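Comments concern the structure below.
Quantities reported herein were computed from a predicted structural model and do not represent experimental measurements. Order of the sequence lines fixes the chain letters, A, B, ..., with proteins taken first and strands second; residue numbering starts at 1 for each chain.
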Amino acid sequence: MCISPAVGRDASLSMAVPPARTPSEARAALRDSASVGLGFVPLGVAFGVLVAHSGVDWWWASLSSALVYGGSFEFLLIGLVTAAVPLASVAVSAFLVNVRHVFYALSFPLDRVRSRLGKAYGTFALCDEAYALTAGEQARAWSGRRILWLQLFLHLYWAGGATAGALLGSLVPDRVQGLDFALTALFTVLALEAVRDRRRDLPTPALALLSALAARLLFPGGLLIAAFALFTAGLLVRHLTAKDRPRHA
Amino acid sequence: MPDTPYLVAAVLVSAAVTWALRALPFAVLGRLRASRTMGYLQSRMPAGIMVILVVYCLRDLPVTRTAVLAPLAALAVTVGVHLWRRNAPLSILAGTAVDIALASTVFAH
């Protein structure tokens with residue numbers, strides 16, 4: 001937001017600018033995180049309930065959600081550990097499901113985070129939703145501290161939800177289905193918002209949708225990484241051909 | 001059930017791989033961020049990546065069974081409520097509630 005010093009003299013305009021006393025970074029981050037939190041808490045609870053129903057001790061849900069902190073992979077990990085697969089297979093699975101995070105380094109604003117410890121935590125807690133929230137139009141002016149607070153809140157929602165779900169899991173009857181839709185709903189809302197931020201650019205979501213559907217048909221086992229690779233390649237081709245068009249046309 | 005050392009080791013191995021994937025690319029890609037091509041990708045990737053993640057979540061839809069109606073109805077409610085009120089928590093809660101209600105009752109297996 002651009003506020004000229006002259007604005008203060010005009011009473012009607014000064015109503016439109018934010019108050020000079022801004023709330024603390026932590027409080028702003030808590031507000032920013034609320035929408036994702038409403039997806040994360042039920043999803044964390046769903047993860048914890050699944051852990052409890054699979055017969056693994058409750059503390060494992062807390063440990064996994066705090067240290068791995070990769071939602072979709074953790075759902076998969078429950079199946080892997082209950083089958084006691086070798087640790088090498090666990091590592092390969094973690095790599096395949098989470099390799100999409102490589103793409104987030106392209107635009108996650110880690111350069112706004114100053115301290116080494118902050119940067120370390122910023123990368124550790126770089127989940128899909130932290131990426132989505134900080135990549136949006138509204139996040140351009142967020143400071144490094146506000147980004148880190150946001151990441152910490154998301155981390156707490158997930159770990160807290162998972163712990164609560166694992167402790168209370170035995171109370172939830174097996175026939176309650178559909179808790180995991182919270183993740184789909186969350187990504188749907190984030191997609192709608194991201195598309196709305198660039199409403200003149202419909203070819204981008206269309207290209208992403210085609211990439212995802214093609215990946216679903218051709219590489220069902222590696223949908224995410226195949227779709228991200230196709231989408232990135234498609235964007236690069238579009239960028240290069242758009243640049244060349246004046247010369248070749 | 002697997003023993004405790006194995007359960008802890010599986011988490012530590014997963015955490016190490018996941019953190020490496022999140023942290024190491026910054027060292028390599030950091031220098032590329034200033035380029036025009038990277039700027040082009042940066043501005044367009046968020047919308048596309050979210051669309052791909054939605055498809056990923058829906059990848060195992062039981063398209064041949066009537067149970068598919070539960071997530072589809074929930075998806076329609078999520079999108080509809082969000083376009084109507086633009087309130088993310090409300091959209092997420094409404095969609096999830098519809099899915100839990102339908103999947104646990106009408107389409108329970």
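- Contacts of B:Val13 with chain A are made by side-chain atoms alone, with heavy-atom separations under 4.5 Å and no backbone atom involved.
- Proximity to chain B is absent for every atom of A:Leu207, based on heavy atoms less than 4.5 angstrom apart.
- Both the backbone and the side chain of B:Val79 come within less than 4.5 Å of a heavy atom in chain A.
- The contact between A:Leu223 and chain B is made entirely by side chain atoms (from C-beta outward), counting heavy-atom distances below 4.5 Å.
- Both the backbone and the side chain of B:Leu75 come within less than 4.5 Å of a heavy atom of chain A.
- Looking at B:Leu7, the atoms closer than 4.5 Å to chain A (heavy atoms on both sides) sit in the backbone and in the side chain alike.
- A donor-acceptor pair under 3.5 Å links the side-chain atoms of B:Ser104 to the main chain of A:Gln177, judged by distance alone.
- A:Leu87 touches chain B through backbone and side chain together, each having a heavy atom under 4.5 Å away.
- The two residues B:Val51 and A:Ala191 come nearest to each other via the heavy atoms N-CB, 4.1 Å.
- Both the backbone and the side chain of A:Tyr69 come within contact range of chain B, each with at least one heavy atom under 4.5 Å from a heavy atom of that chain.
- Partners of A:Asp128 under the salt bridge (charged side-chain N to carboxylate O under 4.0 Å, His left out) rule, at least two apart in sequence or in another chain, are A:Arg100.
- Under the 4.5 Å side-chain criterion, counting only non-hydrogen atoms from C-beta, A:Phe181 is not in contact with B:Val98.
- Of the atoms belonging to B:Thr105, not a single heavy atom falls under 4.5 Å from chain A.
- Within a 6.0 Å sphere centred on CZ of A:Phe95, heavy atoms belonging to other residues, nucleotides or ligands number 12 at most.
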